[in-house]
Each structure stands twice: as structure tokens, then as C-alpha cells.
Amino acid sequence: MSKDEQQRPEARKPRGFPDRTAAVIAAERRLVDAISTVYQRWGFDALDTGPFEYVDALGKFLPDTDRPNSGVFALQDDDEQWIALRYDHTAPLARYVAENWERIPKPFRRYSAGPVWRNEKPGPFRFREFIQCDADSVGVAGPAADAEMIAIAAEAMQAAGAGQGEYVIRVNSRQILDGIMETAGVIDPAQRGTVLRALDKFDKFGVEGVSLLLGRGRKDESGDVTQGAGLAANQIDVLIEFITSRSTTRSETVRKLANSTGMTRSGAQGVAELAEIDAILSALGIGDDAAAFDPSIVRGLEYYTGPVFEAEFLREFRDADGNPMRFGSVGGGGRYDGLVARFRGEPAPATGFSVGVSRLAAAMAATGEEKVQGPVLVLVLDKDQLADYATLASDLRRAGIRAEMYLGSSGMKPQMKYADRRNSPAVVIVGGNEREKGVVTIKDLNAGAAAAKGMTDNDAWRSERPGQFECPRSEMVARIKAIVGQP
RNA sequence: GCCGGCUUAGCUCAGUUGGUUAGAGCGCUAGAUUGUGGAUCUAGAGGUCCCCGGUUCGAGCCCGGGAGCUGGUACCA
């Protein structure tokens with residue numbers, strides 16, 4: 001091995017930070033654009049904060065303040081203060097609002113789209129950097145603001161391309177969850193955390209799995225055991241009955257919850273809020289299929305204080321190997337009344353919603369739903385005619401058509417292959433014959449490929465030249481516009 | 001983080017009890033075709049058998065350690 005080779009770095013990529021292809025980027029832009037438009041229309045103003053925040057401003061919600069790098073990406077600044085990349089848009093917003101409290105209008109409504117970073121184990125369609133599209137209202141108390149947020153979430157999902165029945169916003173209330181835990185006799189805060197996390201797994205593990213997690217614990221596929229909450233059978237019954245009390249309509253679910261025995265004061269208040277949210281959603285035209293009440297929704301732990309909601313994309317995708325894959329949650333939000341107050345000591349109620357754009361975009365690109373059309377390619381056959389080829393490409397660009405002159409040094413066949421790989425819609429061919437006649441030859445590559453499908457004989461394929469035609473130079477732009485579908 | 005599986009050509013994978021020069025399909029490059037992306041045929045290029053150490057006359061294969069990938073689980077503010 002030469003010295004040179006020993007010093008050569010290995011070309012490798014840190015995991016969880018995917019290289020994004022043109023198809024993914026196109027999907028991301030389309031989603032960010034569509035969702036931002038919804039937020040804008042509902043009266044939110046754009047506001048972006050920087051990528052870094054002080055660790056203490058990101059909050060007590062860090063899992064372990066002694067190890068500032070677990071969960072977030074943190075580093076020590078010149079002045080020895082710890083700063084960290086934001087893990088969502090909500091915490092930075094709370095800091096901004098607290099810092100600019102005297103200047104901003106209240107209620108304060110803003111949206112933001114941009115990357116956030118989480119230092120966690122990445123998985124399929126789960127990244128350490130991803131784009132979130134976020135809307136928040138600060139300074140608004142009461143269920144009307146939450147109902148609005150839920151309606152916006154539904155609109156955002158539709159804007160992202162989810163049709164009727166392809167998505168659902170599941171709604172629950174932290175107050176009701178607190179109430180039911182009190183009823184079940186779960187008092188210890190640590191145990192409450194374990195119980196909430198167990199309830200949140202209902203979607204994944206069903207009644208049986210959640211019961212195990214609430215009781216002794218559960219063994220996973222690999223044989224590893226998850227410690228349970230250690231509840232007694234009668235306590236587990238109360239909680240299981242609660243999370244399965246979902247009905248097909250919001251009003252029926254509310255009725256069931258209201259009638260459930262031993263409901264506490266906090267629980268009753270939560271139920272009353274859901275009833276109000278239901279009424280407003282109905283007035284806004286949000287049906288039971290678009291927004292449902294689901295007692296098994298929990299969403300994280302620390303900062304939510306009231307209604308919580310989760311957006312689920314129901315459409316089934318297939319991965320590269322053709323295996324069906326479900327999305328699950330692509331967004332979430334809820335009421336977080338304590339987050340701004342943390343900085344100020346006076347109440348600042350708030351509610352918000354966030355869509356995880358990157359996962360959606362990556363899946364859409366993976367399923368081929370998002371395909372990027374390449375440029376029209378002007379082939380270079382005679383090296384002494386470069387100026388002429390450059391003019392042809394320029395004429396196309398001036399008409400708004402994506403076009404390039406071939407810049408390599410290869411022959412015609414490699415140029416055709418290049419056009420194919422770029423997913424070009426067409427190539428422009430001008431050789432001696434065409435120049436003499438004052439025409440160009442245009443080859444519609446998609447039409448050519450379609451026509452070639454039935455041909456098995458090479459000579460026929462050669463002589464027929466499917467998808468190919470000559471036209472006067474003056475008609476080139478118009479003919480190519482027709483091929484690329486541009487008016 | 002915890003538990004499991006995997007790692008051989010660009011990709012997907014064979015590789016016998018530990019035995020000479022490690023294979024296939026696909027892909028890639030070139031030609032058959034003066035100027036044509038598919039198909040067919042022909043030829044060619046392409047390897048640190050993940051890394052380090054051990055056992056052995058001999059290791060892709062056995063043993064120990066490490067790394068990476070992957071699935072489950074935990075965490076997900």
C-alpha cells in the first residue's frame with residue numbers, strides 16, 4: 001500500500017444525515033411551500049430563529065443536563081456557555097416571545113419552516129436533521145385556539161397531498177389523562193410517566209402489549225425486557241377501558257368520557273374542553289374522519305398542558321423492495337401554557353402544530369411519486385459548430401425550457417445515454433444533413449421508449465428511429481414546448 | 001442506551017469438512033452499428049472476503065476483541 005493510499009480518507013457519511021437527491025428536494029420544497037401557504041392564509045407571520053440556542057433556554061426538557069449532548073447536538077461557545085442546535089421550533093419561539101414580549105402584538109401568531117436536529121439513533125425515514133413546518137399562537141387561552149390549530153393541521157395535511165380519508169388528526173387532552181390516572185390511583189410522578197408512555201404504545205402493541213407495560217413488563221422480539229409500571233390488575237382495567245373508549249364520532253367519544261365513573265375535576269374540565277373543540281371543528285367543516293378524539297394519544301411528556309394532537313398519514317406506501325410501509329405520525333402539537341412563562345413568571349398560554357416534512361418527502365421520492373424531469377439536451381456532433389449548438393440551447397432556455405448543450409467529449413451514443421440517465425424529455429440533433437437543409441431533428445425520448453417497447457429486432461429499432469422527427473429551425477421551440485407539456 | 005441478526009465485486013448474493021489461482025446474475029465499459037438511449041450477441045474492467053489479533057502446515061470459513069450496517073426495544077422535549 002502506498003503512502004498516498006494510507007493517507008487517503010474514506011468517503012463516508014455520518015449516519016442520519018442523508019444526501020438528498022433532486023427528487024427529495026423537489027418534494028420538500030413543494031411540501032414546505034404548500035403548508036406555509038396554509039399557515040400564511042390563517043394569519044400567521046413568518047419568523048425564523050437561528051439554529052442555535054443556549055442549552056438552558058432550550059429548557060428543563062433536556063433528558064440529562066449533565067450530558068448536554070444526549071438528545072441534542074451541543075457545543076461550548078468561546079465564552080464557555082453551552083449552545084445547542086434546536087430540536088424543534090417551539091422552544092426557540094418561546095425564547096423569542098419572552099425576549100421581545102413588550103414589542104410584539106398579542107396574540108402572537110407566527111410560522112416557520114426549517115431544519116431541526118436531534119442526536120438520536122436514526123432509522124428508516126428517521127433522520128438526525130429534518131425539516132419541520134411549524135405554526136404557533138402565543139397569548140391565547142381556551143379551546144377555540146386549539147380547535148383552530150386542529151383545523152389548520154387538517155388543512156396542512158390536505159395541502160401536503162393527503163386526500164379525504166388519507167389522514168386523520170387524533171386529539172386527546174392531558175387534563176383527561178391526568179384525571180384518569182388519578183382515578184386509577186396512579187399518584188407518583190415517575191410512575192405516571194411510565195404509565196403515559198405505556199398508553200402511548202396502544203397503536204403499536206394493542207390492549208395486550210399495553211396491559212403488560214402497565215403491569216409486569218413486556219418482552220420484545222429480540223428477547224429484551226421492557227420494565228413495566230407495576231400496576232395492579234384493577235388499575236390496569238381502569239386505564240385500558242379508558243384508552244379503548246374511542247367512538248367513531250367525536251361527540252359520542254365525549255359522551256362516553258363524560259359518563260365514565262369517578263371522573264376527577266381536572267378530567268371533567270378536559271372533557272368540557274373537548275366538547276367545545278368538537279363544536280368549533282364542526283362549525284369549521286372538519287368532519288369526524290378528519291379529526292377524531294382518541295384517548296390513547298399522549299405525545300411526549302413534559303411541556304404539554306392541555307389538548308394534544310397528532311397528525312397521521314394513512315396512505316400506504318411501498319418501499320424500494322415493494323414492501324408495504326405505513327407512516328404513522330407525521331406531525332403533532334398541542335397546548336403548552338408553561339413554556340413562555342418559564343422565562344417571564346407571568347402566564348403566557350400558547351398552542352401550536354408542526355409537520356415533519358422530511359420523512360414525507362423522502363417517502364414520496366422513494367416511491368417514485370416525485371420524479372424530476374431532466375433538461376432538453378442539444379447533442380454536439382461537430383466540434384467546429386459549438387457556437388451553433390450553444391445558440392440552439394440558448395433559444396430553448398429563453399423560451400423557459402430547461403436545456404443544456406452537451407459538454408463532454410464523447411460520441412453520439414454516450415450522449416444519448418447521458419440524456420437517458422438525466423431523464424431528458426427530448427434531444428436536439430443537428431449534423432451535416434440538418435445544417436444543409438436548415439432543419440433540426442428532435443427526438444422525443446419518452447415516445448421513443450414507448451414505441452421501442454414492442455420491438456425486438458435491432459435493425460428495425462435502428463431504421464425506425466421511434467419518436468424522432470425533423471422540423472424547420474423556426475419551429476424547434478414550439479415543437480419542444482409541446483413535448484415537455486409547456487404552453 | 002439495551003437485545004438480536006448481518007458484513008465476500010458498484011448492487012443482490014453463492015462459496016462444500018479449514019486445502020491450489022474466490023464465483024454467478026444484474027449493472028458498468030467497449031465493439032458488432034458513418035449519426036441514436038431499449039433488446040440480443042461478443043469481449044473487458046472491477047476484490048483489503050469489514051478491521052485487529054489468535055489457533056493452524058494452511059483461514060473467506062474456527063476463536064477473541066473492535067467497527068459498521070440492520071431489525072426490535074427504549075428515548076423522542
**Message:** Any N or O donor-acceptor pair under 3.5 Å from the base of B/U36 to the side chain of A/Gln468?
**Reply:** yes

**Message:** Could you identify the nucleotide paired to B/U48, looking across every strand shown and requiring Watson-Crick or G-U wobble geometry with both distances under 3.5 Å?
**Reply:** none

**A/Phe17 and A/Phe127 aromatic centres sub-6.0 Å** = no

**Asked** So, A/Arg126 and A/Glu120, do they make that salt bridge, N to O below 4.0 Å?
**Response** yes

**Prompt:** Counting only Watson-Crick or G-U wobble pairs whose two distances fall under 3.5 Å, which nucleotide matches B/U73?
**Reply:** B/G1

**Request:** Could you let me know what B/U36 is paired to, Watson-Crick or G-U wobble, both distances under 3.5 Å, or none if it's on its own?
**Result:** none

**Message:** Determine whether a donor-acceptor pair (one donor, one acceptor, N or O, separation below 3.5 Å) exists between the side chain of A/Lys443 and the base of B/G35.
**Reply:** no

**Asked** Per the atom types in the model, does the base of B/C76 pair as donor or acceptor with the side chain of A/Arg126 at under 3.5 Å?
**Response** yes

**Asked** Which part of the nucleic acid does A/Gly123 contact within heavy-atom distance under 4.0 Å: base, sugar-phosphate only, or nothing?
**Response** nothing

**Asked** Does any donor-acceptor pair link the side chain of A/Lys413 with the base of B/U36 at a separation under 3.5 Å?
**Response** no

**Request:** Using a 4.5 Å cut-off on heavy atoms from C-beta on, say whether the side chain of A/Val439 contacts that of A/Arg473.
**Result:** no

**Request:** Counting Watson-Crick and G-U wobble pairs only, both distances under 3.5 Å, name the nucleotide matched with B/A30, or none.
**Result:** B/U42

**Residues within residues 198-205 of chain A bordering RNA chain B, heavy-atom distance below 4.0 Å** = A/Lys201, A/Lys204, A/Phe205

**Request:** Could you tell me whether A/Gly411 contacts a base, only the sugar-phosphate backbone, or nothing, with contacts defined as non-hydrogen atoms closer than 4.0 Å?
**Result:** nothing

**Prompt:** Do NZ/NE/NH1/NH2 and the carboxylate oxygens of A/Arg342 and A/Asp337 come within less than 4.0 Å?
**Reply:** no

**Asked** Checking all strands, does A/Gln227 fall into the base, sugar-phosphate, or nothing category for heavy-atom contacts under 4.0 angstrom?
**Response** nothing

Without placing hydrogens or testing angles, list every side-chain donor-acceptor pair under 3.5 Å for residues 88-95 of chain A, not counting sequence neighbours.
residue	atom	partner	partner atom	Å
A/Asp88	OD1	A/Thr90	N	3.1
A/Asp88	OD1	A/Ala91	N	3.1
A/Asp88	OD2	A/Tyr303	OH	3.1
A/His89	NE2	A/Gly114	O	3.2
A/His89	NE2	A/Gln132	O	3.2
A/Arg95	NE	A/Glu99	OE1	3.0
A/Arg95	NH1	A/Glu53	OE1	3.2
A/Arg95	NH1	A/Glu53	OE2	2.6
A/Arg95	NH2	A/Glu99	OE1	3.3

**Message:** Students often get this wrong, so: under 4.0 angstrom with heavy atoms, is A/Ile429 touching a base, only sugar-phosphate, or nothing?
**Reply:** base

